[in-house]
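Shown next, in structure tokens, is the structure this report addresses.
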Amino acid sequence: MILHGLNESQKKAVMTTEGPVMIIAGPGTGKTLTITRRIAYLIHKGVCPENILAVTFTNRAAREMRERIGAFLRNDAGKIFIGTFHFLGLRIIQDIYSHSFVIYNRDEQASLLKKLLKNSDFRVRQLVEKISRIKNLIEEADKGVKEIYEKYQSELIKNSAFDFDDLILKPIELLDKAEVLERYRKRFRYIMADEYQDINPAQYKLVKLLTKPTCSPCGNLCVIGDSDQAIYAFRGADIANFLNFEKDFENAQRITLQKNYRSSGIILEASSHLIKRNLKRIGKEIIPIKEKGIPIAVISVPDEKAEGDVIVKEIEKRMGGTSHYQLMQTTTDRDSADGSYSFSDFAVVFRTNAQAKVLEESFVASGIPYQIIGRMRRWKRNEIVQMLKNRVKGFNRGSPFDEFLDEILKDPEFVTNLGESDLILLENLASTYRDPSPGGGLSGLVNALSLLTDADSFDPRAQAVTLTTLHMAKGLEFRVVFIAGVEEGLIPYTIKTSECDLEEERRLFYVGMTRAKDELFLTYSRSRFLYGQKLARSPSSFLREIPEKFVTEIFIPARIAKQGDSQIGLF
């Protein structure tokens, strides 16, 4: 049952449980399936669920893993620790600290620093990022920031508060005590770290501390990742941690998941050809399971307005006509469409948030439903957390937890601020915090909500086209993907920065390409209004790295794009 439906490399990854293991999982190779079956296999072998730790990078990934394991293991699933690095850190702090505390988000950090800075030359947001890099062990506090940093830490202590980065740094400090370290090493005997290529120095140190030495020099640590999908260097992630795993952990075994079940043969071969130009990578051959498919469409448009219109029209063509204009046409046009698509099958991906506005205008004009991952979410999330904090203060501490939950979910003022995905997420988190023991209860729930990120706004069940940045698209997949703005300056991104890691930019483009299952469109504009000025544009150099045999090139003249009275046919 556990091994049913797995290919040979997946079976090997599932059954290799002892000592350090490195699973190289390229896009679409069944990574989450392999991890969940590996956990099930460990329990089948007699490992206690409480002794298993699975850490991820996003709440979304943790939720998906938890749901899959729940469907497979039922009663044992809740005993396994599955969560983000920061959620793990939160639980360690909650376990050890007897008194209550709060977690400051970035806005609360900024407010605190404003009070401390007074006549300082520092800019608050830059200082927040500087402190974050110090706490993540990416850089040391220099003389200019050391005094402010110490004052800031004193204020946090005075307010019984931790900031987001303390959720990794503080557990590292706590684990410096031998008895605390031994406690957690005994608890977490089997550790799995997902997206290992994206860990930063502090997260790396936490993993190393928790990995208990057994009869071999290294404990039962399994890392899963792909050097070709390392895209968070700007957050301090160091790809060297992944590349050097076999040096760091003696006698480590390497297993590569080789079969890709997601993308068509053309999309997979084209993206693989591109990424092989990078030098900092662990080479691998991925075998496509799906048929060859249709060529990648590379579309040249006159400007960003035409770009949005072309994308909308291609979606309309597959949906059978959905815009305000198209719905007025005869059924003859609609009958020509496949009819098997839903809006959730489409994604429009872009490099910068600045590109979203014009794309959104095209969707508004068409009437096509859409969701933008991360749009206008931070203020809303903070507002929800503040509302919860106020309700916790006014709630009878002796009352049942579920009574509190029922009360807030029936409050119109609270519920109107939440979408369906928010409510589900809240209820899922609540199930973890029903236990009134340390770390549980209402304060635990509020702190957990503070860990939600922009990526958690994605609703996979929404009947809507997804608009997202390339970074936010990581971990998602769609039948049809449009990557907009594949232009020099945007991809690779060099417009507002003096530094450009070309390999990281290529990895980011590779991530975008491999989100596509069946069809991939790469659009570029010959002129674009960006950052307050209209600029002449040229196609990205990355496009020249895709062999011509995988591509169909389409040129949209300016005069056709401006007509607006007929659908632009691309093929």
Side-chain angles (χ1 to χ4, degrees), residues 231 266-267 270-271 273-275 277 294-315 317 346-363 465-471 473 478 480-497 500 502 504-516 519-562 568-571:
I231 59 173
I266 280 180
I267 292 171
S271 57
H273 193 93
L274 172 113
I275 201 63
R277 288 177 174 262
I294 63 175
I296 296 167
V298 176
I299 308 174
S300 170
V301 296
D303 54 36
E304 66 270 30
K305 174 67 169 62
E307 181 177 53
D309 291 345
V310 164
I311 290 170
V312 161
K313 286 179 171 61
E314 284 305 303
I315 294 172
K317 189 158 66 175
F346 302 91
V348 184
V349 187
F350 37 86
R351 181 64 177 85
T352 70
N353 285 310
Q355 295 168 254
K357 186 174 183 293
V358 177
L359 290 167
E360 185 178 10
E361 288 172 357
S362 293
F363 278 89
V465 176
T466 297
L467 275 62
T468 176
T469 63
L470 284 162
H471 285 97
F478 305 90
V480 183
V481 170
F482 301 84
I483 303 182
V486 188
E487 303 152 16
E488 207 64 21
L490 283 175
I491 300 175
Y493 185 74
T494 57
I495 292 179
K496 295 191 75 176
T497 179
C500 175
L502 199 61
E504 173 116 346
E505 289 293 315
R506 188 178 284 111
R507 289 192 293 266
L508 189 56
F509 187 45
Y510 172 78
V511 165
M513 292 179 71
T514 54
R515 299 311 93 197
E519 293 185 81
L520 176 60
F521 293 80
L522 309 176
T523 67
Y524 67 90
S525 180
R526 299 189 292 277
S527 70
R528 184 179 296 274
F529 194 82
L530 265 180
Y531 303 114
Q533 54 185 324
K534 194 171 184 68
L535 303 169
R537 315 297 298 144
S538 59
S540 169
S541 56
F542 290 159
L543 291 176
R544 296 193 294 274
E545 298 176 5
I546 301 173
E548 290 181 6
K549 63 181 178 180
F550 299 131
V551 168
T552 294
E553 294 192 35
I554 298 140
F555 183 88
I556 307 296
R559 60 183 180 81
I560 295 178
K562 290 178 181 177
I568 299 173
L570 298 186
F571 303 105

Exercise for review: Measure the CD1-CZ distance between I296 and F550 for me, rounded to the nearest 0.5 Å.
Suggested key: 8.0 Å
Practice item. With the side chain counted from C-beta on, respond yes when V348 and F363 share a heavy-atom pair under 4.5 Å apart, and no when they do not. Key: yes
Check your understanding: What distance separates I556 CD1 from S525 OG, expressed to the nearest 0.5 Å?
Key -> 11.5 Å
Point to revise | Residues in side chain to side chain donor-acceptor pair (under 3.5 Å) contact with E553, at least two apart in sequence or another chain | key: none
Practice item. List for me each residue that meets ring-ring contact (aromatic ring centres under 6.0 Å, His included) alongside F542, sequence neighbours excluded, and say none if there are none. Key: F509
**Study point:** Set of residues satisfying salt bridge (Lys or Arg N to Asp or Glu O under 4.0 Å) with respect to R528, sequence neighbours excluded
**Key:** E307, E487
Review point. Could you state the interatomic distance from CG (L502) to OG (S541), rounded to the nearest 0.5 Å?
Key: 6.5 Å
Exercise for review: Could you pull out the closest heavy-atom pair between D303 and K534, with the gap in Å?
Suggested key: CB-NZ, 4.4 Å
Check your understanding: Do you know the tightest heavy-atom contact between A473 and T468?
Key -> N-OG1, 3.6 Å
Check your understanding: So, do R507 and I275 sit near enough that their side-chain heavy atoms are less than 4.5 Å apart?
Key -> yes
Check your understanding: Can you tell me if E304 uses its side chain to pair, donor with acceptor, with the backbone of Q355 under 3.5 Å?
Key -> no
Point to revise | Point-to-point distance, once rounded to the nearest 0.5 Å, from CD1 of I495 to CG of L490 | key: 4.0 Å
Review point. Say you draw a straight line from CD1 of I546 to OG of S540; how long is it, rounded to the nearest 0.5 Å?
Key: 8.5 Å
Review point. Where the side chain of R537 meets the backbone of E488, is there a donor-acceptor pair that is under 3.5 Å apart?
Key: yes
Check your understanding: Below 4.0 angstrom, N of the basic side chain to O of the carboxylate: do D309 and K313 qualify?
Key -> no
Review point. Given L508 and R351, is the side-chain contact (heavy atoms from CB on, under 4.5 Å) satisfied, shown in steps?
Key: CA-CA 9 Å; L508 189 56; R351 181 64 177 85; 3.4 Å; yes
Exercise for review: Taking all non-hydrogen atoms of both residues into account, name the closest pair between E505 and C500 and its distance.
Suggested key: CG-SG, 3.9 Å
Point to revise | Exam field: side chain S527 to backbone P302, donor-acceptor pair closer than 3.5 Å | key: yes
Practice item. Could you give me the CA-CA distance, side-chain angles and deciding distance for Y510 and I231, then say whether side-chain contact (heavy atoms from CB on, under 4.5 Å) is met? Key: CA-CA 10 Å; Y510 172 78; I231 59 173; over 6 Å; no
Point to revise | Min side-chain heavy-atom separation I554-V310 under 4.5 Å | key: no
Point to revise | Exercise: identify the closest heavy-atom pair between L359 and G308 | key: CD2-CA, 3.9 Å
Practice item. Apply side-chain contact (heavy atoms from CB on, under 4.5 Å) to I315 and F482, showing your working. Key: CA-CA 10 Å; I315 294 172; F482 301 84; 3.8 Å; yes
Check your understanding: Say you draw a straight line from CZ of F478 to CG of L520; how long is it, rounded to the nearest 0.5 Å?
Key -> 13.0 Å
Exercise for review: Dump the intermediate steps for side-chain contact (heavy atoms from CB on, under 4.5 Å) on I311 and V465, then the final yes or no.
Suggested key: CA-CA 11 Å; I311 290 170; V465 176; over 6 Å; no
Review point. Looking only at heavy atoms, what is the nearest atom pair of G512 and V481, with distance?
Key: O-CG1, 4.1 Å
Review point. Heavy-atom distance under 4.5 Å between the side chains of Y524 and I299, does that happen here?
Key: no
**Study point:** Worked check of salt bridge (charged side-chain N to carboxylate O under 4.0 Å, His left out) between K317 and E314
**Key:** CA-CA 5 Å; K317 189 158 66 175; E314 284 305 303; 3.4 Å; yes
Check your understanding: Charged N to carboxylate O under 4.0 angstrom, K357 versus E360?
Key -> no
Check your understanding: Any idea which heavy atoms bring I491 and V486 closest together, and the distance?
Key -> CD1-CA, 4.1 Å
